[in-house]
Amino acid sequence: MTLTVVGSIAFDAVRTPFGERERMLGGSAVHFSLAASFFCDVRIVGPVGEDFGEEEYAVLHARAINTDDIERVLGGRTFFWRGHYDYDLNTAHTEATELNVFASFEPKLSPASREAEFLFLANIQPDLQRQVREQCTGARFSAMDSMNLWIDTARDSLVRTIGAVNAVLLNDAELRVLTGEPNLLRAARAVLAMGPSAVVAKRGEYGAMLFTADHVFSLPAYPLETVLDPTGAGDSFAGAFLGYLGGHAGGVDDVEALKRAVAYGTAMASFNVEEFGTERVRRLSGEEIAARVAELERMTRFSDLPAALRG
Ligand code: AMP
């Protein structure tokens with residue numbers, strides 16, 4: 001099974017209370033691809049500049065990610081994001097966003113990327129997301145992410161893109177702002193009404209919730225004593241979520257598969273935040289992922305109600 005992802009490919013400058021990096025490989029599509037690569041074949045789509053070199057390609061190739069549709073713009077500079085986190089690691093404070101090569105990006109996907117059965121529209125301008133959605137005629141399951149910037153500046157376009165995908169993954173705060181509904185359950189219902197059949201609310205250290213027309217599922221975050229940098233946690237979650245669904249034979253209408261996908265997303269995001277940027281996920285193993293999912297299951301399973309309460 002093949003999964004195509006379009007999104008930002010970036011250099012990030014990040015400061016947290018626990019350290020900083022002045023220039024590290026990042027971007028929504030990069031974090032997503034690395035996470036998804038543990039489950040299925042991944043093709044990454046997006047532009048980079050001349051400053052994106054062998055070292056950066058090597059990180060992707062080490063996980064067998066197909067980079068044929070990375071467009072290297074001669075004379076251009078790669079997307080750059082600078083941000084910081086205070087002790088509330090759930091909130092990223094953007095200091096600078098330089099679109100650079102993204103300012104003139106017109107996605108042109110190769111036939112192989114268009115034919116992929118799974119598609120993820122990682123966080124970029126929603127018009128671009130839709131252009132890619134329209135090109136990917138082979139996709140039988142598509143999902144997307146977004147952010148406050150686009151909710152504030154391109155809401156109508158974003159709502160149209162939401163109407164064209166099967167699943168939406170957003171932070172709880174983004175869901176509330178998008179829908180004007182302070183209650184998360186109502187906010188998720190409002191997004192389901194826009195077209196998708198599943199909504200995932202990412203809640204940072206509080207975990208994630210899955211909403212479909214008939215089901216609500218909630219999983220806490222994997223408890224960690226050391227969190228260094230949350231950058232990319234949402235994309236890592238999405239990468240494992242979609243990757244798991246893509247690698248799973250059961251089909252995406254299976255709500256039990258969606259729940260397990262939430263567990264894989266949760267485990268992957270927990271690895272991502274243990275170190276800066278892509279540092280931890282780069283040297284992760286499938287065994288470590290499986291062990292953490294099993295531990296999550298043990299932590300969240302509990303026994304049946306006592307007979308007296310069963311009514
Ligand atoms: P998250 O998973 O939400 O922590 O996403 C982190 C990634 O989003 C970083 O690696 C940034 O490069 C990327 N990013 C930040 N701002 C934007 C933006 N406006 N458009 C696309 N990607 C962005």
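Read the numbers this way: they start at 1 and go in the same order the structure lists the ligands and their atoms.
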Just to be sure I read this right, does ligand 1 sit under 4.0 Å from the backbone of [X], its side chain, both, or neither, counting only heavy atoms?
{"X": "Thr94", "result": "neither"}
{"X": "Asn123", "result": "both"}
{"X": "Ala122", "result": "neither"}

Please check if atom CZ in Arg282 has more than 12 non-hydrogen atoms from other residues, nucleotides or ligands closer than 6.0 Å. yes

Mind checking whether [X] has an N or O less than 3.5 Å away from an N or O of ligand 1?
{"X": "Ile124", "result": "no"}
{"X": "Gly26", "result": "no"}
{"X": "Tyr85", "result": "no"}
{"X": "Leu149", "result": "no"}

Ligand-side contact atoms (ligand 1) for residue partner [X], heavy atom cut-off under 4.0 Å:
{"X": "His31", "result": "10 (O)"}
{"X": "Gly27", "result": "9 (C), 10 (O), 12 (O)"}
{"X": "Gly234", "result": "2 (O)"}
{"X": "Thr231", "result": "4 (O), 6 (C), 9 (C), 10 (O)"}
{"X": "Ala10", "result": "12 (O)"}

Separation of [Y] [atom2] from [X] [atom1] (nearest 0.5 Å):
{"X": "Glu50", "Y": "Arg77", "atom1": "CD", "atom2": "CZ", "answer": "11.0 Å"}
{"X": "Leu3", "Y": "Phe32", "atom1": "CG", "atom2": "CZ", "answer": "4.5 Å"}
{"X": "Phe141", "Y": "Phe118", "atom1": "CZ", "atom2": "CZ", "answer": "6.5 Å"}
{"X": "Phe120", "Y": "Asp235", "atom1": "CZ", "atom2": "CG", "answer": "6.5 Å"}

Between Phe52 and Phe11, how do the two ring planes meet: parallel, tilted or perpendicular, split at 30° and 60°? tilted

Distance from [atom] to nearest protein heavy atom, with residue and atom:
{"atom": "atom 13 (C) of ligand 1", "answer": "Ser8 OG, 3.9 Å"}
{"atom": "atom 10 (O) of ligand 1", "answer": "Asp12 OD2, 2.4 Å"}
{"atom": "atom 4 (O) of ligand 1", "answer": "Gly232 N, 2.7 Å"}
{"atom": "atom 16 (N) of ligand 1", "answer": "Trp81 CD1, 3.5 Å"}
{"atom": "atom 2 (O) of ligand 1", "answer": "Asp235 OD2, 2.6 Å"}
{"atom": "atom 8 (O) of ligand 1", "answer": "Ser28 N, 4.2 Å"}

What do you reckon, are the aromatic ring centroids of Tyr244 and Phe38 less than 6.0 Å apart? no

Between Arg82 and Glu20, does any NZ, NE, NH1 or NH2 come within less than 4.0 Å of an OD or OE carboxylate oxygen? no

Using a strict threshold of under 4.0 Å (side-chain N to carboxylate O), is an ion pair present between Arg43 and Glu117? no

Is Met147 in contact with ligand 1, taking contact as a heavy-atom separation below 4.0 Å? yes

Is Phe79 near ligand 1, meaning one of its heavy atoms is under 4.0 Å from it? yes

Hydrophobic cluster membership, with links at side-chain heavy-atom distances under 4.5 Å among I/L/V/M/F/W/Y: are Met194 and Met147 in one? no

Cluster check Leu149, Leu170: I/L/V/M/F/W/Y, side chain < 4.5 angstrom: no

Shortest non-hydrogen pair, Leu192 vs Ala213, comes out as CD1-N, 4.2 Å

